[in-house]
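These numbers were taken from a predicted model, which means no experiment stands behind them. Numbers here simply count residues along the sequence, with the first being 1. Values below: all heavy atoms of this structure, side chains included; hydrogens, waters and symmetry mates excluded.
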Amino acid sequence: MLRSIIPRLTTRCPAHVLSTQQRWYKVGPNAARLGMVIDHNGSPLIVVGKDHGGTGRGQAVIKLTFKNAITGTKSQDRFRANDSLEVMLMVQKEYQYLYKDTEKIHLMDMTSYEELSMDLESFEGDKERLAMLEDGMNITVQTLEPEPGPISWRLPARHVFKVKSVEARIVKDKGATYLPAVLENNARVMVPDFIKPGESVTVDLEKAEYVGRA
């Protein structure tokens, strides 16, 4: 696989680096996640859409939408549940979140202090989780070196937030009660009723759920 880009890579990097880039692992299409990068028909493609609708000859069909990591062009393909996808293993690097606009996220390399901008579409995960972004948050960027470079990015598994406000409880219930809270970044999460404004809490960012006091 990757025959279309390997000729360019072999002239620019040592053999041990090339061998690392050729490694991948396989998953079924049901396990494909948004932002995952797969080697499909010899090209690195970012999964940007997933649809379980439709069947083919009595079998469930999963339709995936891809964005070519090199050309930026989009395509779609259908897979059966027992098909396999080759997920590319890439270099991972930590950046610090600066801000985002309507199309891109802007990050800082805290070693070189160079700014990196990436498409919001290349985010790994549910787009609703973008609401959890906060100034200074560590962001993991996946890169295929030396080309095409940064491909996708994701949030940390957990992050500590300060609580800005907690909705008042009107009726006192027995046992633990969870109440809507607004965090300092204006994201919302349910917290136990003993959490007060100004406290810091740890949140599971994949589920957007309260984990505990920080």
Test side chain to side chain contact (heavy atoms under 4.5 Å, CB included) applied to Glu115 and Leu98, step by step: CA-CA 9 Å; Glu115 186 174 323; Leu98 297 177; 4.0 Å; yes
Apply the test side chain to side chain contact (heavy atoms under 4.5 Å, CB included) to residues Val48 and Phe66: give CA-CA distance (whole Å), side-chain angles for both, the deciding distance (0.1 Å), then the verdict. CA-CA 6 Å; Val48 297; Phe66 302 110; 5.8 Å; no
Evaluate the criterion ring pair (Phe, Tyr, Trp, His ring centres under 6.0 Å) for residue pair His159 and Tyr97; output intermediate values, then yes/no. CA-CA 13 Å; His159 187 72; Tyr97 172 69; over 10 Å; no
Test Leu34 against Lys127 for side chain to side chain contact (heavy atoms under 4.5 Å, CB included), laying out the working first. CA-CA 9 Å; Leu34 299 184; Lys127 297 299 185 290; 4.2 Å; yes
Check the pair Lys50 / Ile62 against side chain to side chain contact (heavy atoms under 4.5 Å, CB included), numbers first and verdict last. CA-CA 7 Å; Lys50 183 176 180 180; Ile62 299 94; 4.2 Å; yes
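Within the 4.5 Å cutoff, no side-chain heavy atoms of Asn68 are placed close to those of Ser75. At a threshold of 4.5 Å between non-hydrogen side-chain atoms, the residues Tyr210 and Pro192 count as touching. At a threshold of 4.5 Å between non-hydrogen side-chain atoms, the residues Val141 and Ile151 do not count as touching. At least one side-chain heavy atom of Leu155 sits under 4.5 Å from a side-chain heavy atom of Phe123. Between Glu199 and Arg213, the closest side-chain pair of non-hydrogen atoms falls below 4.5 Å. Under the 4.5 Å side-chain criterion, counting only non-hydrogen atoms from C-beta, Ile195 is in contact with Val163. Val203 is not listed as a side-chain neighbour of Val211, based on a closest heavy-atom distance of 4.5 Å or more. Counting heavy atoms from C-beta outward, Lys162 and Glu134 have side chains that stay 4.5 Å or more apart.
Cluster annotation: Val160 and Met132 are assigned to distinct hydrophobic clusters (Ile/Leu/Val/Met/Phe/Trp/Tyr, side-chain heavy-atom contacts under 4.5 Å, transitive). The hydrophobic clustering, which links ILVMFWY residues whose side-chain heavy atoms are closer than 4.5 Å, places Val182 and Phe194 apart.
Taken from CG in Asp51 to CG in Leu64, the straight-line distance is 9.5 Å, to the nearest 0.5 Å. Between Lys63 atom NZ and Gln76 atom CD the span is 4.5 Å, to the nearest 0.5 Å. Gln96 contributes atom CD, which lies 9.5 Å from atom OH of Tyr113 (distance to the nearest 0.5 angstrom). The line from CD of Glu114 to CE of Met108 is 9.5 Å long, rounded to the nearest 0.5 Å. For the atom pair Leu116 CG and Leu107 CG, the distance stands at 5.5 Å (nearest 0.5 Å). How far OH of Tyr99 is from OG of Ser117: 6.0 Å, rounded to the nearest 0.5 Å.
A salt bridge is defined here as a Lys NZ or Arg NE, NH1 or NH2 lying under 4.0 Å from an Asp or Glu carboxylate O, and Glu124 with Arg129 fails to meet this definition. The residues Asp83 and Arg80 are annotated as salt-bridged, a charged nitrogen and a carboxylate oxygen being separated by less than 4.0 angstrom.
Applying the side-chain contact (heavy atoms from CB on, under 4.5 Å) test between Leu205 and each of Arg154, Arg158, Met137 identifies Met137 as the sole match.
Lys164 and Asn185 form no side-chain donor-acceptor contact under 3.5 Å, judged by distance and modelled atom types alone. In this structure, a donor-acceptor pair under 3.5 Å is absent between the side chains of Thr143 and Gln92.
Counting non-hydrogen atoms of neighbouring residues, nucleotides and ligands closer than 6.0 angstrom, the NZ atom of Lys74 reaches no more than 12 such neighbours.
When all heavy atoms of Met118 and Ser152 are compared, the closest pair comes out as CE-N, 3.6 Å. Between Pro44 and Met88 the shortest heavy-atom distance is CB-SD, 3.6 Å. The two residues Val191 and Ala181 make their nearest non-hydrogen contact at CG2-CB, 3.7 Å. Of all non-hydrogen atoms in Ser165 and Pro197, the two that sit nearest each other are CA-CG, 4.1 Å.
A donor-acceptor pair is defined here as one N or O able to donate and one able to accept, closer than 3.5 Å; no such pair exists between the side chain of Lys26 and the backbone of Val87. Not one N or O on the side chain of Asp39 forms a donor-acceptor pair closer than 3.5 Å with the backbone of Glu86. Looking at Lys100, its side chain never comes within 3.5 Å of a backbone N or O of Leu130 through a donor-acceptor pair. Here the side chain of Ser122 pairs a donor or acceptor atom with the backbone of Asp119 at under 3.5 angstrom.
For Tyr95 and His106, the gap between ring centers reaches or exceeds 6.0 Å.
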